A.B. asks: 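Have a look at this one before I ask anything.
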Amino acid sequence: MDGGGHYNPRTVEEVFRDFKGRRAAMIKALTTDVEEFYRQCDPDKENLCLYGYPTEQWEVNLPAEEVPPELPEPALGINFARDGMQEKDWLTLVAVHSDAWLIAVAFYFGARFGFDRADRKRLFTMINDLPTIFEVVTGTAKKQSKEKSSVSNHTNSKSKSSSKGRGSESVKQTKQAKEEDEGAEEDEEEHGETLCGACGELYAADEFWICCDICERWFHGKCVKITPARAEHIKQYKCPTCSNKRARP
């Protein structure tokens with residue numbers, strides 16, 4: 001299944017763009033859309049797969065009927081393990097299999113369209129520069145810079161002229177504010193490797209970000225639909241995953 005016809009990227013850049021779209025879709029399913037994803041993975045249904053499409057849309061569906069399929073297939077039957085594991089462990093398992101599937105699809109295109117050794121190496125390097133779905137879902141990449149995040153919260157708190165509670169402290173400064181702040185360069189270095197908990201992309205100085213007070217992960221404002229004006233009135237921000245989290249049987 002390809003979610004958009006027989007789309008066949010033919011260059012390294014096109015394959016990487018395809019990879020990023022599918023990756024963003026699967027990260028969305030396992031983070032911001034996790035409640036809906038969990039609901040769709042009903043163990044009483046048939047073997048289900050998680051598909052990510054280049055359009056950044058995801059789908060839980062049955063595997064392709066044709067043998068062999070147009071593209072390599074994702075992990076089969078992810079729904080059967082849903083109620084037999086802790087939710088966190090189940091999501092981690094799906095994330096690992098999703099990473100493997102993304103690599104398989106990318107190199108399937110590479111093999112099909114005759115990428116040579118140099119092209120395959122370049123494609124892998126581009127892919128490897130992004131954090132894996134596993135790292136985004138588990139926060140592994142974020143843990144490596146946890147100390148930096150703690151320092152950044154303290155820096156943001158000092159730099160704001162008026163604080164309206166914890167939520168205000170969580171908001172990253174805009175580019176203009178950083179340029180006016182004496183510690184602008186230092187702050188940018190601290191956040192240079194920070195990853196968005198929703199899309200997994202790196203921090204950029206000219207983007208609005210907000211930190212979840214529960215899981216301490218950072219998010220692009222646009223990814224969680226929070227504007228700078230709205231953030232000023234939030235005393236304690238909870239990301240979509242933490243807001244929707246409930247006890248699982």
Side-chain angles (χ1 to χ4, degrees), residues 20-40 50 52-53 55-60 87-88 91-92 94-95 98 130-146 148-150 152-153 155-157 159-160 163-178 187-188 190-246 248:
K20 286 184 66 178
R22 295 177 191 275
R23 172 182 170 277
M26 301 180 102
I27 288 175
K28 188 185 300 182
L30 297 171
T31 56
T32 55
D33 295 348
V34 68
E35 287 293 306
E36 179 61 21
F37 172 66
Y38 187 94
R39 185 189 66 77
Q40 291 190 28
L50 171 60
Y53 300 126
T55 56
E56 300 189 9
Q57 300 298 312
W58 61 270
E59 179 183 24
V60 172
E87 180 184 358
K88 180 180 179 181
L91 291 174
T92 298
V94 175
S98 297
L130 294 174
T132 63
I133 297 176
F134 171 83
E135 289 173 331
V136 173
V137 170
T138 62
T140 301
K142 179 61 181 174
K143 288 177 183 177
Q144 296 173 357
S145 58
K146 188 174 182 180
K148 292 182 180 180
S149 295
S150 298
S152 68
N153 283 339
T155 302
N156 284 343
S157 177
S159 64
K160 283 198 173 285
S163 176
K164 295 184 179 180
R166 181 78 174 96
S168 296
E169 294 174 9
S170 301
V171 181
K172 281 183 182 276
Q173 295 172 297
T174 61
K175 188 174 183 179
Q176 291 85 357
K178 284 189 176 184
D187 189 61
E188 187 169 346
E190 290 171 356
H191 294 305
E193 297 180 358
T194 301
L195 305 172
C196 175
C199 69
E201 298 298 325
L202 292 172
Y203 164 75
D206 58 350
E207 294 180 305
F208 171 74
W209 282 52
I210 189 168
C211 180
C212 175
D213 289 293
I214 305 303
C215 64
E216 296 186 353
R217 289 190 297 172
W218 290 94
F219 298 85
H220 290 107
K222 63 182 179 181
C223 288
V224 292
K225 298 180 174 61
I226 298 291
T227 63
R230 183 181 174 189
E232 288 296 326
H233 299 283
I234 300 176
K235 291 185 177 180
Q236 184 183 58
Y237 173 67
K238 291 183 181 181
C239 68
T241 301
C242 291
S243 295
N244 295 327
K245 190 170 290 182
R246 64 174 184 267
R248 299 295 186 191

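All of these numbers come straight from a predicted model, not from anything done at the bench. As a basis for the values below, the full set of heavy atoms in this structure was taken, side chains included, without hydrogen atoms, waters or symmetry mates. Counting begins at 1 with the first residue of the sequence.
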A.B. asks: What's the spacing between Trp218 CH2 and Leu195 CG if we round to 0.5 Å?
C.D. replies: 13.0 Å

A.B. asks: First locate atom CD1 of Ile214, then atom CD of Gln236, and finally report the distance between them rounded to the nearest 0.5 Å.
C.D. replies: 4.5 Å

A.B. asks: Could you state the interatomic distance from NZ (Lys28) to CD (Gln57), rounded to the nearest 0.5 Å?
C.D. replies: 5.0 Å

A.B. asks: Specify the closest pair of heavy atoms between Thr32 and Thr241, including all atoms of both residues, with the distance to one decimal.
C.D. replies: N-OG1, 4.2 Å

A.B. asks: Residues in salt bridge (Lys or Arg N to Asp or Glu O under 4.0 Å) with Glu56, at least two apart?
C.D. replies: none

A.B. asks: Can you list every salt bridge (charged side-chain N to carboxylate O under 4.0 Å, His left out) pair that touches residues 195-204, not counting sequence neighbours?
C.D. replies: Arg23-Glu201

A.B. asks: What are the two closest non-hydrogen atoms of Cys212 and Cys239, and how far apart are they?
C.D. replies: SG-N, 3.4 Å

A.B. asks: To check you understand the geometry: which heavy-atom pair defines the closest contact between Val136 and Gly197, and what is its length?
C.D. replies: CG1-O, 3.9 Å

A.B. asks: Between Ile234 and Ile226, what is the shortest heavy-atom contact and its length?
C.D. replies: CD1-CD1, 4.1 Å

A.B. asks: Using atom types as modelled and distance alone, determine if a side-chain donor or acceptor of Glu36 lies under 3.5 Å from a backbone N or O of Asp33.
C.D. replies: no

A.B. asks: Please list, chain by chain and in numerical order, all residues satisfying salt bridge (Lys or Arg N to Asp or Glu O under 4.0 Å) with Lys222, sequence neighbours excluded.
C.D. replies: Glu207

A.B. asks: For Leu50 versus Phe37, what's the shortest heavy-atom pair and its separation?
C.D. replies: CD1-CE1, 3.8 Å

A.B. asks: Heavy atoms only: give me the nearest Tyr237-Cys211 pair and the separation to one decimal.
C.D. replies: CD2-O, 3.4 Å

A.B. asks: Taking the side chain as everything from C-beta on, heavy atoms only, tell me whether His220 gets closer than 4.5 Å to Trp209.
C.D. replies: yes

A.B. asks: Output the distance between atom CZ (Arg217) and atom OG1 (Thr31), rounded to the nearest 0.5 Å.
C.D. replies: 6.5 Å

A.B. asks: Taking atom OG of Ser98 and atom CZ of Phe134, what is their separation to the nearest 0.5 Å?
C.D. replies: 12.5 Å

A.B. asks: Roughly how far, to the nearest 0.5 Å, is CD1 of Ile27 from CG of Leu130?
C.D. replies: 8.5 Å

